[in-house]
Amino acid sequence: MTVRVLLADDHPIFLEGLRTMLETVDGIEVVGVASNGAELLEQAARVEADVVVVDLDMPVLDGAGAAAELIERQPGVAVMALTMHADEEAVLRALRAGVRGYLLKSSGPAAIARALSAVAEGDVVLSGRIGAMVARAALRTTTDRPFAQLSGRETEILDHVARGRSNPEIARELFLSVKTVQNHVSAILSKLGVASRAEAVARARDAGLGTGPASGGVA
């Protein structure tokens, strides 16, 4: 199988070097490049990519924001971050946006090529030190959040649901589309293993959501 790849990075020398390297790898085809997040979304609408590689620091729209928007528009596309950032906040924000891979730019060509093939097949690939960081964060999350299986945004939306707010009200409060809120609510029901909004509300209130001050925005 040939993996069709779209690349996005605002450093032209790195972008061209990455493109040149990948074009020498059997089974990988570079179908486009972009220099910022907005351009990436435009390119992704025109080409058929299996994997989109994003830098996190990009002008106009950053990599995590572009990833979240792209995944909402094209759920079948895999997104992999290739970045210099190794701090926990950047990693978790990218993972919450839906990236399937997180590699550092110090990764070798062979590791990048293997990661592209793996995420194209549905696997999640993290650089070694990134994987260890995520594992530590997951252990903290288990005790810090009542529903560790939910993302930060899903927990925030569940809190609003538990307060009796409708999807349009939540959308206005969080500056999201109603469709995005609907998708999040569906994911919440699935992850909690409940069949209805009422059951989710009951679970949320048992865990203390929907009772205190409204939760703040979570990327």
Side-chain angles (χ1 to χ4, degrees), residues 36-38 40-42 44-45 52 54 56-79 81 85 87-100 102 122 124 133-219:
N36 61 64
L40 165 62
L41 294 177
E42 294 173 0
V52 173
V54 298
L56 294 186
D57 277 335
M58 292 191 294
V60 185
L61 180 62
D62 67 15
E69 183 68 24
L70 177 60
I71 291 166
E72 182 177 344
R73 295 182 185 182
Q74 302 179 31
V77 176
V79 181
H85 289 284
D87 58 287
E88 184 175 304
E89 182 179 354
V91 172
L92 295 181
R93 182 167 182 256
L95 292 175
R96 288 167 184 156
V99 304
R100 288 191 201 164
Y102 196 108
V124 174
M133 181 188 300
V134 171
R136 290 193 299 271
L139 288 174
R140 289 200 310 274
T141 297
T142 301
T143 57
D144 292 345
R145 287 213 318 263
F147 299 111
Q149 68 270 45
L150 302 184
S151 69
R153 176 64 87 184
E154 288 166 348
T155 302
E156 182 183 26
I157 289 176
L158 179 58
D159 181 66
H160 284 284
V161 170
R163 295 171 189 277
R165 292 172 182 160
S166 66
N167 288 351
E169 289 172 333
I170 298 171
R172 286 194 298 272
E173 177 76 17
L174 301 181
F175 302 101
L176 300 171
S177 69
V178 175
K179 179 62 175 176
T180 296
V181 174
Q182 290 173 340
N183 290 340
H184 279 304
V185 171
S186 295
I188 290 167
L189 298 184
S190 175
K191 289 182 179 182
L192 294 184
V194 297
S196 70
R197 196 180 182 102
E199 289 182 81
V201 168
R203 290 277 303 276
R205 289 179 175 168
D206 286 344
L209 294 181
T211 57
S215 57
V218 179

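Quick caveat, the model's predicted, so the values are computed rather than measured. Atom set for the values below is all heavy atoms of this structure, side chains included, hydrogens, waters and symmetry mates excluded.
In terms of heavy-atom proximity, Ala78 sits nearest to Arg100 at CB-NH1, 3.4 Å. A pairwise comparison of heavy atoms in Leu209 and Ala162 identifies O-CB, 4.1 Å as the closest pair. Residues Ala187 and Glu154 approach most closely at CB-OE2, 3.6 Å, considering heavy atoms. The minimum heavy-atom distance linking Ala44 with Leu70 is given by the pair CB-CD1, 3.6 Å. Residues Ile71 and Val77 approach most closely at CG1-O, 4.5 Å, considering heavy atoms. Closest approach of Ala64 to Ala97, counting heavy atoms only: O-CB, 3.4 Å.
Considering only heavy atoms from C-beta on, Tyr102 comes within 4.5 Å of Leu56 through its side chain. Using a 4.5 Å heavy-atom cutoff, the side chains of Val181 and Asn183 are not in contact. Counting heavy atoms from C-beta outward, His160 and Leu174 have side chains that approach closer than 4.5 Å. No side-chain heavy atom of Val91 sits under 4.5 Å from any side-chain heavy atom of His85. The shortest side-chain heavy-atom distance between Glu199 and Leu192 does not fall under the 4.5 Å cut-off.
Expressed to the nearest 0.5 Å, how far OG1 of Thr155 lies from CD1 of Ile188 amounts to 7.5 Å. Remark: Leu189 CG to His184 NE2 distance equals 13.0 Å, nearest 0.5 Å. The CZ atom of Arg73 sits 4.5 Å away from the CG atom of Leu41 when rounded to the nearest 0.5 Å. Rounded to the nearest 0.5 Å, atoms CG (Asp62) and CG (Asn36) are 11.0 Å apart. Here CD of Glu72 is found 8.0 Å from CG of Leu176. Values are rounded to the nearest 0.5 Å. One finds the CD atom of Gln182 at 10.5 Å from the CD1 atom of Ile170 (value rounded to the nearest 0.5 Å).
With respect to the salt-bridge test (charged N to carboxylate O, under 4.0 angstrom), the residues Arg165 and Glu173 do not qualify. The existence of a salt bridge linking Glu89 and Arg93 is excluded, since no basic side-chain nitrogen approaches an acidic carboxylate oxygen closer than 4.0 Å.
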Next on the checklist: Test side-chain hydrogen bond (donor to acceptor under 3.5 Å, both in side chains) on Asn167 and Arg172; report intermediate values, then the result.
Outcome noted: CA-CA 9 Å; Asn167 288 351; Arg172 286 194 298 272; over 6 Å; no
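Put simply, the side chain of Glu69 never gets that close to the backbone of Ala66: no donor and acceptor are under 3.5 Å apart.
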